[in-house]
Amino acid sequence: GSSHFNCPILDNIESAMSHVSQFFQDLPVPDVRLARMIRDVAGEMSTRFDRHLRPHGLNETDFRCLMQLISSPGGQAYPSDLSQLATESRANMTRIVDSLVERGWVTRRASETDRRRIVLAVTAEGIALARSLLPTFHPALSAILSVLTELEKEAMILGLQRIAASLNSQPREGSLK
């Protein structure tokens, strides 16, 4: 259990685990606990980065999409590729891109090879914004992760890589997303 960590996130998960396992005797508790922890811890980290970005008129999802575009070859990508890489729905990706274009951080134009397709490209302003914001995240991120040894970080990375590869090897349709 989480009782030796004084932490609302963990207490909430443990409480949920004990309640739900009463209704479902064959519940794979360690698997469900791990999935909840990954989601809830990632959600809390996202919330903290949101607070950091809000003064710049951004949220974590917008910033993640901007960074995904910056890290794409030539600083450009098709919206469909970007929504897949950023794990956002197409509808949400449209809203995010509209917002980034409106603020001059991304451009939208027709593809030269296929006029029906749209190409997104990061602007110099978008790169400058990322350059100014990224270093401000590093202390907060390092503080959050400082509770782990380098070996523990490597073990978690390996475990998450295996989970990602397992997800990738299974069809997306009709399964857990």
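Heads up: numbering here begins at 1 and tracks the sequence.
- For residues 89-127, there are no ring-ring contact (aromatic ring centres under 6.0 Å, His included) pairs, not counting sequence neighbours.
- Between Cys65 and Val97 the shortest side-chain heavy-atom distance does not fall below 4.5 Å.
- By the 6.0 Å contact criterion, CG on Leu158 is enclosed, its count of non-hydrogen atoms from other residues, nucleotides or ligands being greater than 12.
- Distance NE2/His56 to CG/Leu133: 4.5 Å, rounded to 0.5 Å.
- The two residues Val101 and Thr107 come nearest to each other via the heavy atoms CG2-C, 4.4 Å.
- Arg103 and Ser99 form a side-chain donor-acceptor contact under 3.5 Å, judged by distance and modelled atom types alone.
- The distance from atom CD1 of Ile96 to atom CG of Leu66, rounded to the nearest 0.5 Å, is 11.0 Å.
- The shortest non-hydrogen separation linking Glu152 to Val147 is OE1-O, 4.0 Å.
- When each of Val119, Leu100, Asp98 is paired with Arg108, the side-chain contact (heavy atoms from CB on, under 4.5 Å) condition holds for Asp98 and for no other.
- To the nearest 0.5 Å, the span separating CZ on Arg64 from CG on Asn59 amounts to 9.0 Å.
- Identified under the side chain to side chain donor-acceptor pair (under 3.5 Å) test for residues 38-47, with sequence neighbours left out: Arg36-Asp40, Glu44-Arg48, Ser46-Glu60.
- Contact check for Met67 versus Leu134: side-chain heavy atoms found under the 4.5 Å cut-off.
- By the rule that hydrophobic residues join a cluster once side-chain heavy atoms approach within less than 4.5 Å of another member, Met45 and Leu53 end up as members of one cluster.
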May I have the step-by-step check of side chain to side chain contact (heavy atoms under 4.5 Å, CB included) for Ile38 and Ile163, ending in yes or no? CA-CA 11 Å; Ile38 290 169; Ile163 292 169; 4.1 Å; yes
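- Distance check, rounded to the nearest 0.5 Å: CE of Met37 to CG of Leu10 gives 4.5 Å.
- The stretch residues 114-170 participates, sequence neighbours left out, in these ring-ring contact (aromatic ring centres under 6.0 Å, His included) pairs: Phe49-Phe137, His52-Phe137, Phe63-Phe137.
- Considering all non-hydrogen atoms of both residues, Ser72 and Ala77 come closest at OG-CB, 4.0 Å.
- The two atoms that bring Gly126 and Ile70 nearest to each other are O-CD1, 4.1 Å, heavy atoms only.
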Quick one, Leu167 with Arg162, criterion side chain to side chain contact (heavy atoms under 4.5 Å, CB included). Give me CA distance, side-chain angles, the key distance, then yes/no. CA-CA 9 Å; Leu167 283 167; Arg162 286 184 180 152; over 6 Å; no
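- Val32 and Phe24 end up in the same hydrophobic cluster when Ile, Leu, Val, Met, Phe, Trp and Tyr side chains are linked at under 4.5 Å.
- For the atom pair Leu151 CG and Met156 CE, the distance stands at 13.0 Å (nearest 0.5 Å).
- Judged by distance alone, the side chain of Ser15 and the main-chain N or O of Asn12 form no donor-acceptor pair under 3.5 Å.
- Distance OG/Ser166 to CG/Leu160: 12.0 Å, rounded to 0.5 Å.
- When atom types are taken as modelled, the side chain of Ser132 and the backbone of Leu129 share a donor-acceptor pair closer than 3.5 angstrom.
- Heavy-atom contacts from other residues, nucleotides or ligands closer than 6.0 Å to CZ of Arg109 number more than 12.
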